Structure formats: structure tokens, C-alpha cells
Amino acid sequence: MKIIFATNNAHKLSEVQAVLGEGFELVTPRMCGVEEDIPETAETLEGNASQKAHYLYEKTGLDCFADDTGLEVEALDGAPGVHSARYATDGHDFAANNRLLLKNLEGKENRRARFRTVISLIEQGEEHLFEGIVEGHIIDHESGEEGFGYDPLFVPEGFDRTFAEMSAEEKNAVSHRGRAVRKLVTYLHAKQQ
């Protein structure tokens, strides 16, 4: 089954393809002729995922899904949240985002945080939402070379390593995106039977 995934981020694409498995072929917006940036102007993760999926569906008429992910830090009242990718700058500057997060957590004892992913699937014009959450905490320095974004700072509950210190398989088994994608896959497999 071919399905459009509203991302041109290679890391995200390979993460999701690994969880989806062989029965599905992910297609990027560019492969469908959608070259422009897809708008993300909502104030919630659900809103952004829905906005991106509807935009793609209207442009292509094809089944598609979009996700939005945020890091929600307790001591920062849920920030950076929906602004996670653009926390420090207008671009996706992971290093600057991580520096700002560490600066804003200086002196705070509560380091609890969670990653939350919301996926919006538009299938024949009908929308379905799937959510994945992983609880954990933020350490006080970057550690690890894998992954992207806040992965070098986030240690998931039950582990003593950051996402950036895990292999892609280990991360996918417990990650927020992995959990949301598995719910999506369960739904899609049930529809195929």
C-alpha cells in the first residue's frame, strides 16, 4: 500500500518506514509534486498534524498522514511543546534548541518531560488521529550521536541512556513516534483484512 507521509525529513522517514514494515511504501510530498513548505500554524500538536494532512490531501487527493511531535517539559509548563522544532530559532536548529532548553532548565530540580506525537491520517477524506507518548527526563548535557532533535538530552523512563545513545531499533521500540505509528499500522492492517 502506498501512502503519503507529510515530511521531507530523512530521519523521520526512515524511523516511520521501519515501524510500518514491508506492506507499506512511504511516499514524500515532493514525490507527488508538492514542493512548497506545508503550513504548520496551529497552536496544538493535533492541530498541526491535522492541518498538514488536510493540506496534502487537498493537493493530491491521495490518502496521507502527517505527524507533529513536541517535547513537553514539566518545569517549563509544557514548553517547548508545539514550538519544539522552532524553540530557539525560526529554522530547525537542533543545537540551538538544545542549548536553550538546557539554559531554561538551569537550577530546576524537576527534569521530568515527555515526548508526544500526534498522527493525523486522512483516508478517503475521513480523518483519524493516533497519539504516542513516552515519559522520561532531561539530563544536563548532550550525550550520544544517534537520532536528531532533543534525542541527546532525553532519557526515556526505564532506561539509563538517551535516545541518541540507542540504536534506531531500540528507540523505535519505545519512542513516542513508534507508539503512534504502531497504532496507525494496527488500524491500517485491520482495514486491509
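All values reported here derive from a predicted model rather than from experimental measurement.
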Does [X] belong to the same Ile/Leu/Val/Met/Phe/Trp/Tyr cluster as [Y], with side-chain heavy atoms less than 4.5 Å apart forming each link?
| X | Y | result |
| --- | --- | --- |
| V82 | L101 | no |
| I119 | I38 | no |
| V16 | L184 | yes |
| L45 | L71 | no |
| I3 | L129 | no |

Let me confirm one number: the [atom1]-[atom2] distance from [X] to [Y], rounded to the nearest 0.5 Å.
| X | Y | atom1 | atom2 | value |
| --- | --- | --- | --- | --- |
| K183 | F130 | NZ | CZ | 9.5 Å |
| H176 | E131 | NE2 | CD | 12.0 Å |
| I122 | E127 | CD1 | CD | 4.5 Å |
| F65 | I4 | CZ | CD1 | 10.5 Å |
| S175 | F163 | OG | CZ | 5.5 Å |
| E74 | R111 | CD | CZ | 12.5 Å |

State, yes or no, whether a side-chain contact exists between [X] and [Y] at a heavy-atom distance under 4.5 Å.
| X | Y | result |
| --- | --- | --- |
| F159 | M166 | yes |
| P152 | N98 | yes |
| S120 | K52 | no |
| L20 | F5 | no |
| R99 | Y87 | no |

| field | Sequence neighbours excluded, every pair satisfying salt bridge (Lys or Arg N to Asp or Glu O under 4.0 Å) that has a member inside residues 77-98 | value |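 Counting only pairs at least two positions apart or across chains, the salt bridge (Lys or Arg N to Asp or Glu O under 4.0 Å) contacts touching residues 77-98 are E40-R86.
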| remark: So salt bridge (Lys or Arg N to Asp or Glu O under 4.0 Å) across residues 63-73, not counting sequence neighbours, yields K12-D67, D67-R177, E72-R114, E72-R116
| field | Listed partners of E170 passing salt bridge (Lys or Arg N to Asp or Glu O under 4.0 Å), at least two apart | value | R161
Please name the pair of heavy atoms, one in [X] and one in [Y], separated by the smallest distance, quoted to 0.1 Å.
| X | Y | value |
| --- | --- | --- |
| A6 | A66 | CB-CB, 3.6 Å |
| S143 | A164 | O-CB, 3.5 Å |
| A180 | G132 | CB-N, 3.6 Å |
| E165 | G144 | CG-CA, 3.6 Å |

| said: Once you measure the plane-to-plane angle for H128 and Y187, does it fall in the parallel (<30°), tilted (30-60°) or perpendicular (>60°) bin? | reply: tilted
| field | side-chain contact (heavy atoms from CB on, under 4.5 Å), paired with L153, selected from T162, L105, L102 | value | L102
| task | Can you sort out the partners of R182 under side chain to side chain contact (heavy atoms under 4.5 Å, CB included), two or more places apart, ordered by chain and number? | result |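 For R182 the side chain to side chain contact (heavy atoms under 4.5 Å, CB included) partners, ignoring immediate neighbours, are V19, R179.
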| field | Worked verdict on V73 versus N104 for side chain to side chain contact (heavy atoms under 4.5 Å, CB included) | value | CA-CA 10 Å; V73 181; N104 289 342; over 6 Å; no
Donor-acceptor pairs under 3.5 angstrom involving side-chain atoms of residues 26-37: please list them, not counting sequence neighbours.
| residue | atom | partner | partner atom | Å |
| --- | --- | --- | --- | --- |
| T28 | OG1 | M31 | N | 3.3 |
| E36 | OE2 | Y55 | OH | 2.7 |
| E36 | OE2 | K59 | NZ | 3.3 |

| query | Backbone N or O of C64 within a donor-acceptor pair of the Y57 side chain at under 3.5 Å? | reply |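 No.
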| message | Keeping E46 on the side-chain end and V118 on the backbone end, is there a donor-acceptor pair under 3.5 Å? | response | no
| task | With sequence neighbours excluded, give me every side chain to side chain donor-acceptor pair (under 3.5 Å) pair touching residues 146-156. | result |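 Counting only pairs at least two positions apart or across chains, the side chain to side chain donor-acceptor pair (under 3.5 Å) contacts touching residues 146-156 are D151-K171.
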